[in-house]
Amino acid sequence: MSAPSLRFDLLTLFPGLFDGFLSESILKRAIAGGLVAVERWNIRDWAVGKHRPVDDRPFGGGPGMVLMAPPVVAAVEAVRNLAAPGGRLIVLTPQGRKLDQDLVRELANEPRLILVCGRYEGFDERIFETLEPELLSIGDYVLSGGEVAAMVVVDAVTRLIPGVLGDAESAVDESFGPDGGLEYPQYTRPRQFRGRMVPEILLSGDHAAIARWRREQRR
């Protein structure tokens, strides 16, 4: 089996959160088929001391806890050195650039992505200063941690890896594809449902006319 097109390294305090996500549907098939590889790493494994702390109270006061620089930096540096290339390092944080389909396409061309998941009140700023990662956000709302955001990135990027989707046109002819806009309305059997009919054009067999209708119907 050839090497996967893309390797993901996920650094998190809760690797188990990815169990179901990676063991079902498209991602399961992509991993089993060797198209992508996903490795999970517990940041706590790089913490030191009897209780292996990974967070502490913020200097200056304030609510919550902050992820400490030593274990996060040590984890990233160690994981980076486990394989070549070193990978594109991304930290999931609300302060980051907003994820969109253009960026997803860009990330799909990378051989390796290292995603660091935040928790609690965020990261000690010296993590950013030391590692100089890209900061990435999936939207203007609050999550309990970066794991869900990492799942969004993995899912969106994996769909664009050649061979992952059953139909090669699926990634082209969908929302935010190269033609822009959202996907056109879709219909399947039955032809009639509660008095609502499938548009006649879709039953015509005229592929040029159907393509034109679909372009016009993009939302």
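When reading the values below, keep in mind they use all heavy atoms of this one structure, side chains included, and skip hydrogens, waters and symmetry mates. What you see is a predicted model, and the numbers here were worked out from it, not measured in a lab.
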- Not counting sequence neighbours, list each pair that qualifies as a salt bridge (charged side-chain N to carboxylate O under 4.0 Å, His left out) and has a residue in residues 90-101. K98-D140
Among all residues two or more places apart in sequence or in another chain, which pass the side chain to side chain donor-acceptor pair (under 3.5 Å) test with [X]?
X: E77; answer: none
X: K50; answer: none
X: R80; answer: none
X: N81; answer: none

Side chains of residues 143-155: which donor-acceptor pairs under 3.5 Å do they make with residues two or more places apart or in other chains?
residue	atom	partner	partner atom	Å
E147	OE1	R119	NE	3.1
E147	OE1	R119	NH2	2.9
E147	OE2	T12	OG1	2.5

What pairs with [X] under side chain to side chain contact (heavy atoms under 4.5 Å, CB included), at least two apart in sequence or on another chain?
X: R29; answer: I26
X: R57; answer: M65
X: A108; answer: V157, L160, I161

- Are Y141 and L99 linked, directly or through other ILVMFWY residues, by side chains that come within less than 4.5 angstrom of each other? yes
- Item | Path from V66 to L92 over hydrophobic side-chain contacts below 4.5 Å | no
Table please: side-chain donor-acceptor pairs of residues 194-205 below 3.5 Å, with sequence neighbours left out.
residue	atom	partner	partner atom	Å
S204	OG	I201	O	2.7
S204	OG	D206	N	3.1

Answer whether the closest heavy-atom distance between the side chains of [X] and [Y] falls below 4.5 Å.
X: V91; Y: L136; value: no
X: Y120; Y: D56; value: no
X: L27; Y: T158; value: yes
X: R88; Y: L107; value: yes
X: E183; Y: Q186; value: yes
X: V38; Y: I31; value: yes

Looking at [atom1] of [X] and [atom2] of [Y], how far apart are the two atoms once the value is rounded to the nearest 0.5 Å?
X: N42; Y: L10; atom1: CG; atom2: CG; result: 12.0 Å
X: L89; Y: L131; atom1: CG; atom2: CG; result: 6.0 Å
X: L6; Y: N109; atom1: CG; atom2: CG; result: 9.5 Å
X: I90; Y: C117; atom1: CD1; atom2: SG; result: 11.0 Å
X: Y184; Y: Q217; atom1: OH; atom2: CD; result: 11.5 Å
X: M68; Y: R126; atom1: CE; atom2: CZ; result: 9.5 Å

Which atom of [X] lies closest to which atom of [Y], heavy atoms considered:
X: A30; Y: V164; answer: CB-CG2, 4.0 Å
X: S23; Y: D19; answer: OG-O, 2.8 Å
X: P85; Y: P111; answer: CG-CG, 3.7 Å
X: G64; Y: P58; answer: O-CD, 3.3 Å

- Query: What pairs with F128 under ring-ring contact (aromatic ring centres under 6.0 Å, His included), at least two apart in sequence or on another chain?
  - Reply: F123
- Task: With sequence neighbours excluded, give me every ring-ring contact (aromatic ring centres under 6.0 Å, His included) pair touching residues 21-63.
- Result: none
- Mark yes or no for whether R112, through its side chain, and A83, through its backbone, hold a donor-acceptor pair below 3.5 Å. yes
- Query: Is the shortest side-chain N to carboxylate O distance from D9 to R40 below 4.0 Å?
  - Reply: no
